[in-house]
Amino acid sequence: MNVRFLTEPGEVTAKWAQIAPLLAPVVERAARGEFTLDDLRRMAEEKRLMVGVCEYGNAVVMAMAFEFKHYPQYLAINIVAIGGTGLDIVATNYWDLFKQWAREAGAVHIEALCSRAMARMLNHYGFTNTYEQVRLPVEDAK
């Protein structure tokens, strides 16, 4: 298994046909209209998001889109979408390396705004709940 970041727009474009089906469930079930697959691709091609992929042979089996989030007092890496198979294997073999890379990039935290189900899964890898997000539609506001 090989893990790498797609750092150039052409790399994202070349692998997108394999990445999109892995991230589609996030868009369909969890994003709540906040972004589309096309948005993720465009943002990655514009270098507003980074995409990491796990490849087994020539096949992409897991993908993660993430961004740097600048808070007034520190930098965080925000996982926007993650999908595919083999998260336990990838986490066992590469999670410490990713955390080290995040530290070297200046990040203090890795975070994800996600569904409760994803939060439960991420708790197994050391994530803790910090906030509860609430929303109020303003469609009727005048």
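Looking at residues two or more places apart in sequence or on another chain, you find no side chain to side chain donor-acceptor pair (under 3.5 Å) involving Q133.
We find the CD1-CZ distance between I77 and F68 to be 4.5 Å, quoted to the nearest 0.5 Å. Atoms CG and OH, from L87 and Y125 in turn, are 3.5 Å apart once rounded to the nearest 0.5 Å. Atom-to-atom distance recorded for E45:CD and R41:CZ is 5.0 Å, nearest 0.5 angstrom. Put simply, SG on C114 and CG on N129 are 8.0 Å apart, with the number rounded to the nearest 0.5 Å. Atom CG of residue L23 and atom CD of residue E28 lie 11.0 Å apart, to the nearest 0.5 angstrom.
Within 6.0 Å of OH in Y56 there are 12 or fewer heavy atoms belonging to other residues, nucleotides or ligands. The environment of R29 atom CZ is sparse: at most 12 non-hydrogen atoms of other residues, nucleotides or ligands sit within 6.0 angstrom. Atom CD1 of I89 sits in a sparse spot, with 12 or fewer heavy atoms from other residues, nucleotides or ligands closer than 6.0 Å.
W95 and F127 have tilted rings, their planes meeting at an angle from 30° to 60° on a 0 to 90° scale.
Follow the hydrophobic side-chain contacts under 4.5 Å out from M43 and you reach V26 in the same cluster.
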Show the numbers, then the answer: is there a side chain to side chain contact (heavy atoms under 4.5 Å, CB included) between M1 and E55? CA-CA 6 Å; M1 186 172 291; E55 297 170 308; over 6 Å; no
So V61 and L22, side chain to side chain contact (heavy atoms under 4.5 Å, CB included) or not? Walk me through it. CA-CA 8 Å; V61 296; L22 303 176; 5.8 Å; no
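Using a 4.5 Å cut-off on side-chain heavy atoms (C-beta onward), V51 and I19 make contact. Put simply, the side chain of V53 does not reach to within 4.5 Å of the side chain of V3, judged on heavy atoms.
Remark: side-chain polar atoms of E11 are paired, donor with acceptor, to backbone N or O of E8 under 3.5 angstrom.
Between E67 and R48, no side-chain nitrogen of the basic residue sits less than 4.0 Å from a carboxylate oxygen of the acidic one, so the salt-bridge criterion is not met.
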I'd like a table of donor-acceptor pairs (distance under 3.5 Å, sequence neighbours excluded) in which one partner is a side-chain atom from residues 101-112, with atom names and distances.
| unit_1 | atom_1 | unit_2 | atom_2 | d |
| --- | --- | --- | --- | --- |
| E104 | OE2 | Q100 | NE2 | 3.1 |
| E111 | OE1 | Y71 | OH | 3.1 |
| E111 | OE2 | Y71 | OH | 2.9 |

